[in-house]
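Read through the structure below, which is laid out as structure tokens, and then see the notes.
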There are 2 protein chains.
Amino acid sequence: METFGDIIKNERENKGLLLRQVASALEIDQAIVSKFERGERKPTKEQVEKFAEFYDLDKNKLITSWLSDQIANTILYEENIGEVLKVAEEKAIYLKTIHDGR
Amino acid sequence: METFGDIIKNERENKGLLLRQVASALEIDQAIVSKFERGERKPTKEQVEKFAEFYDLDKNKLITSWLSDQIANTILYEENIGEVLKVAEEKAIYLKTIHDGR
DNA sequence: TTTGTTTTGACAAAAATAGTCAAATTAATT
DNA sequence: AATTAATTTGACTATTTTTGTCAAAACAAA
């Protein structure tokens with residue numbers, strides 16, 4: 001179960017980089033990068049994309065990880081997690097067909 | 001595909017109530033109730049619970065509808081909707097086991 | 001102990017969300 | 001068609017949430 005934070009932390013360590021270096025390359029405060037790695041704060045989508053580029057990761061996979069973190073957090077303390085997600089998927093697909101004008 | 005707004009609008013109309021009446025009973029501005037019904041604004045969880053009580057609806061079902069609306073909206077324009085939700089479910093379940101101290 | 005790195009927390013800035021209200025629009029009634 | 005009633009819209013303010021900044025504390029390594 002690898003969260004967004006886990007991923008970017010592993011990448012950084014594998015590449016032997018310091019927080020300071022990543023922070024300066026991405027123009028994000030080092031304290032915030034640290035918080036991202038530990039899941040204490042949620043990056044914006046733009047920041048996720050920056051990380052993907054910087055670490056040369058598949059952008060979609062990283063966004064999936066980040067989005068799923070967010071969703072997991074919003075439903076964490078709810079009943080019927082499975083049901084909520086099933087309905088959410090139906091709605092999303094339905095709304096998408098409408099949006100695409102079908 | 002019934003959204004939260006659809007549900008509370010149908011309930012109100014079935015019971016032959018005016019926005020004004022619902023608004024006053026729930027102590028929510030009538031303009032906002034109108035916006036809830038049309039999905040223009042998202043209620044808080046407390047407001048969802050008020051609606052459930054007022055219309056005598058199953059609270060969990062209404063919360064499911066409201067939560068799934070939210071989730072559907074956050075993933076609407078993403079790729080891999082199914083994948084995101086699958087991962088989100090795994091994470092949620094995993095986090096829950098941790099939270100419950102297992 | 002000194003130096004380097006990461007984490008923490010207080011604070012300010014910015015953005016997103018929520019509530020209020022009156023006017024505009026739409027629908028129903030006479 | 002005119003009047004009355006109901007709903008919707010939009011501008012505005014208030015509140016809450018999120019984000020960024022910075023320095024000091026904690027931790028780790030040399």
Side-chain angles (χ1 to χ4, degrees), chain A residues 3-52 54-55 62-63 65-78 88, chain B residues 2-55 62-63 65-78 88:
Chain A
T3 65
F4 172 83
D6 294 334
I7 294 173
I8 61 170
K9 180 162 196 181
N10 287 338
E11 283 298 321
R12 182 172 65 81
E13 291 176 342
N14 288 159
K15 300 201 161 117
L17 296 170
L18 301 177
L19 280 175
R20 165 162 40 90
Q21 299 174 296
V22 175
S24 118
L26 304 189
E27 292 179 295
I28 300 173
D29 190 275
Q30 140 172 0
I32 293 184
V33 177
S34 169
K35 285 168 189 174
F36 287 162
E37 288 190 350
R38 287 167 299 105
E40 196 186 311
R41 285 223 186 161
K42 314 236 157 196
T44 64
K45 194 173 184 183
E46 287 66 36
Q47 289 168 331
V48 173
E49 288 169 348
K50 279 189 180 181
F51 277 103
F54 183 66
Y55 289 132
L62 201 60
I63 287 177
S65 166
W66 161 76
L67 263 181
S68 61
D69 280 358
Q70 296 193 137
I71 294 172
N73 264 309
T74 70
I75 59 179
L76 185 49
Y77 299 114
E78 300 298 331
Chain B
E2 210 180 20
T3 65
F4 171 83
D6 294 334
I7 294 174
I8 62 170
K9 181 163 196 179
N10 287 338
E11 283 298 321
R12 181 171 66 81
E13 290 176 342
N14 288 160
K15 300 201 162 116
L17 295 170
L18 301 177
L19 280 175
R20 165 161 37 91
Q21 300 174 295
V22 175
S24 119
L26 304 189
E27 292 179 296
I28 300 172
D29 190 276
Q30 142 171 359
I32 293 184
V33 176
S34 169
K35 285 168 188 174
F36 287 162
E37 288 190 351
R38 286 168 299 105
E40 196 185 313
R41 284 226 187 158
K42 314 236 156 197
T44 65
K45 194 173 183 181
E46 288 65 39
Q47 289 169 331
V48 173
E49 288 168 347
K50 279 189 179 182
F51 277 104
E53 282 163 25
F54 183 66
Y55 288 132
L62 201 60
I63 288 177
S65 167
W66 162 76
L67 264 181
S68 61
D69 280 359
Q70 296 194 136
I71 294 172
N73 263 309
T74 69
I75 59 179
L76 185 49
Y77 298 114
E78 301 297 331

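Protein chains get the first letters and strands the later ones, always in sequence-line order, with residue 1 at the start of each.
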*Going through the distances and angles, do T44(B) and Q47(B) end up as a side chain to side chain contact (heavy atoms under 4.5 Å, CB included)?*
CA-CA 5 Å; T44(B) 65; Q47(B) 289 169 331; 3.4 Å; yes
*Assess whether side chain to side chain contact (heavy atoms under 4.5 Å, CB included) is satisfied between L62(B) and W66(B), documenting all intermediate values.*
CA-CA 6 Å; L62(B) 201 60; W66(B) 162 76; 5.9 Å; no
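Each end of the helix from dT1(C)-dA30(D) to dT30(C)-dA1(D) gets its own axis from five base pairs, and the two axes differ in direction by 30°, given to 10 degrees.
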Side chains of residues 18-29 of chain A: which donor-acceptor pairs under 3.5 Å do they make with residues two or more places apart or in other chains?
residue	atom	partner	partner atom	Å
Q21(A)	OE1	L18(A)	N	2.7
D29(A)	OD1	A31(A)	N	2.9

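With values rounded to the nearest 0.5 angstrom, F4(A) atom CZ is found 9.5 Å from I63(A) atom CD1. In this structure, the separation between CZ on R41(A) and OG on S34(A) is 11.0 Å, given to the nearest 0.5 Å. The distance from atom CZ of F36(A) to atom NZ of K42(A), rounded to the nearest 0.5 Å, is 11.0 Å.
Among residues two or more places apart in sequence or in another chain, the side-chain hydrogen bond (donor to acceptor under 3.5 Å, both in side chains) test is passed with E49(A) by none. Applying the ring pair (Phe, Tyr, Trp, His ring centres under 6.0 Å) test to F54(B) and every residue at least two apart in sequence or in another chain returns nothing.
Salt-bridge formation is not detected for the pair E46(A)/K50(A): no Lys NZ or Arg NE/NH1/NH2 atom is positioned less than 4.0 Å from an Asp or Glu carboxylate oxygen. For E2(B) and K9(B), the salt-bridge test fails: no basic side-chain N is under 4.0 Å from an acidic carboxylate O.
The stretch residues 4-22 of chain B touches DNA chain D through K9(B), R12(B), L18(B), L19(B), R20(B), each having a heavy atom within less than 4.0 Å of the strand.
The separation between E37(B) atom CD and dA6(D) atom C1' is 12 Å, rounded to whole Å. Rounded to an integer number of Å, the gap from Q30(A) CD to dC27(D) P is 17 Å.
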*Could you write nucleotides 8-30 of chain C as a row of B, S and -, 5' to 3', where a protein heavy atom under 4.0 Å of any base atom gives B, of only sugar-phosphate atoms gives S, and otherwise -?*
BB--------BBBB---------
